[in-house]
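Inspection log for the structure reproduced underneath, given as structure tokens.
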Amino acid sequence: MRAHLSAFLLVVTIASPAKGESPPGITPDVLSRAARESAFAAHVAKGDHERAEGRFYDAAAAYADALAIRHDPVVSGRLGVLMVHERPSEAAELLLDAIKHANTSPTERRAFSDAYEAVRAKGCWVDVILSHAGARFTIDGKPRNELGFSAFSLFVLAGEHEVRASLDGYADAVRTFRAVPKEDVRIELILKLRAPAGIEPGSRVPKLDERPLSLAMNELRLASTEPTFTKQEDPFAYEDPPSTQPAATQKPTRGSLGAGPVVVFGVASWMPAVGVVAGGSFRPNEFVSLGLEGRAAWLTTGVGGEPISAMTAGGIASVCGHYRWAFGCAIGHVGVIRVEPSSDGFKSEVATFVKPGIGGRVGARFVLARNFAVHGGVDLLGLSSGVRIGVGQRVLAETPPIMIGASILGSWEF
């Protein structure tokens, strides 16, 4: 019996494949690829199910897991549709990939196109050209282009942005630009070699010794006062004359005219006075602007519960500093506060108080179109004196020498 059992086990051992071996005709690569495709299909199916159930965050996570396995333009488009509102910059790149390459139904292609148009209304494409492949690139301090391409495109939201390219041995190339919805921008960043220690720019370089040939050639080019290559042979060998420098991102001097509603507190009362403000500004560069505006506001209720009206009118001059969408200003005010009792209630005469003052303003600016922006700001003014209003020996209202205002202006920029 034991002999028969030993013979049976020997036959089974010889006939069975070794542990870990693939079935005949199937290579490990085929099995690995099949496993990846199965996992990819499972993530896509989960994303489709979660999206149908309205769980969009879970659906986006499932689509992202699928794309981590391999690229698929249809899945990119589905993920882009879910990211339109939360992360529009990434959504634009995913949707453009889907529009160009996805093989799907006409209905889904229209959904991709509609979502892409919604994103395009929020920003623009920036084509970036770097003088050196492998340079580190950041936009608004965040790294992009990790693969080190010398030319690429990215989508940015409307507003002010800063791009920077850096490479060891070279001075950083920095450019600031303003993104306008649907108006694409081209930016070239040229990295310039730093002069070696002890060598003044423009001087002749001594003997090359044993330095690498590429470094020696760059130093000779830096030291020479004349270009050694034509612009066609080496586009970055030397700078263009000032008159032919590309000016795609240079900002011209801009002016603006605007108007809007204003609410003022401290007009003979702490109740709100409502009115209008209008003015203009001159912006010699992207960081500074000079402004002049006039405003008038009327108290919405009587002073101290009595039939007494009050209003303010005046002019404000401002000097503002800008950084991206935010700004802060020093302001000066010259105006009046006018108090007028009802003819039926009192015999007093109209009183007009001249109130100069100085103060500050903070606010934000949002570009909605190429020549239209919205400004919102809050200002605080210290006046020359406060206002006291009384009837006989009774004081109806007394305000300190402070006036607070808040306004929203729509402006046309030119």
Inset, instruction - Using the salt bridge (charged side-chain N to carboxylate O under 4.0 Å, His left out) rule, collect all pairs that involve residues 255-274, keeping only residues at least two apart or in two chains. - result: none
Those residues that, when tested against [X], pass salt bridge (charged side-chain N to carboxylate O under 4.0 Å, His left out) (two or more places apart):
X	value
R144	E93
R120	D184
D29	none
D114	none

Inset, instruction - Please collect all ring pair (Phe, Tyr, Trp, His ring centres under 6.0 Å) contacts where either partner lies in residues 108-129, sequence neighbours excluded, each pair once. - result: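 Matches after skipping sequence neighbours: W125-F155.
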Donor-acceptor list for residues 96-103 side chains, cut-off 3.5 Å, not counting sequence neighbours:
residue: D97; atom: OD1; partner: H101; partner atom: ND1; Å: 3.0
residue: D97; atom: OD2; partner: H71; partner atom: NE2; Å: 2.7
residue: D97; atom: OD2; partner: S76; partner atom: OG; Å: 3.4
residue: H101; atom: ND1; partner: D97; partner atom: O; Å: 3.3

Legend entry - side chain to side chain contact (heavy atoms under 4.5 Å, CB included) partners for A158, two or more places apart: P181
Inset, instruction - Go through the structure and list residues passing side chain to side chain contact (heavy atoms under 4.5 Å, CB included) with D65, not counting sequence neighbours. - result: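 Side chain to side chain contact (heavy atoms under 4.5 Å, CB included) check on D65 returns H43.
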Inset, instruction - Could you tell me whether the side chain of R194 and the main chain of Y170 form a donor-acceptor pair under 3.5 Å? - result: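 Yes, because the side chain of R194 sits within donor-acceptor range (under 3.5 Å) of the backbone of Y170.
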Got a list of side-chain donor-acceptor pairs under 3.5 Å for residues 407-414, not counting sequence neighbours?
residue: S411; atom: OG; partner: A373; partner atom: O; Å: 3.4
residue: S411; atom: OG; partner: H375; partner atom: NE2; Å: 3.0
residue: E413; atom: OE1; partner: R365; partner atom: NH2; Å: 3.3
residue: E413; atom: OE2; partner: R365; partner atom: NE; Å: 3.1
residue: E413; atom: OE2; partner: R365; partner atom: NH2; Å: 3.2

Lys/Arg N to Asp/Glu carboxylate O, [X] vs [Y], below 4.0 Å:
X	Y	value
D172	R136	no
D127	R186	no
R361	E293	yes

Inset, instruction - Check whether the ring centres of F149 and F137 lie less than 6.0 Å apart, and answer yes or no. - result: no
Legend entry - Inter- and intrachain pairs under side-chain hydrogen bond (donor to acceptor under 3.5 Å, both in side chains), touching residues 323-333, at least two apart: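 Checked against side-chain hydrogen bond (donor to acceptor under 3.5 Å, both in side chains) - neighbours excluded - the pairs reaching residues 323-333 are D140-R324.
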Inset, instruction - Quick one: list whatever passes side chain to side chain donor-acceptor pair (under 3.5 Å) with S38, sequence neighbours left out. - result: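 With neighbours one apart ignored, the set is empty.
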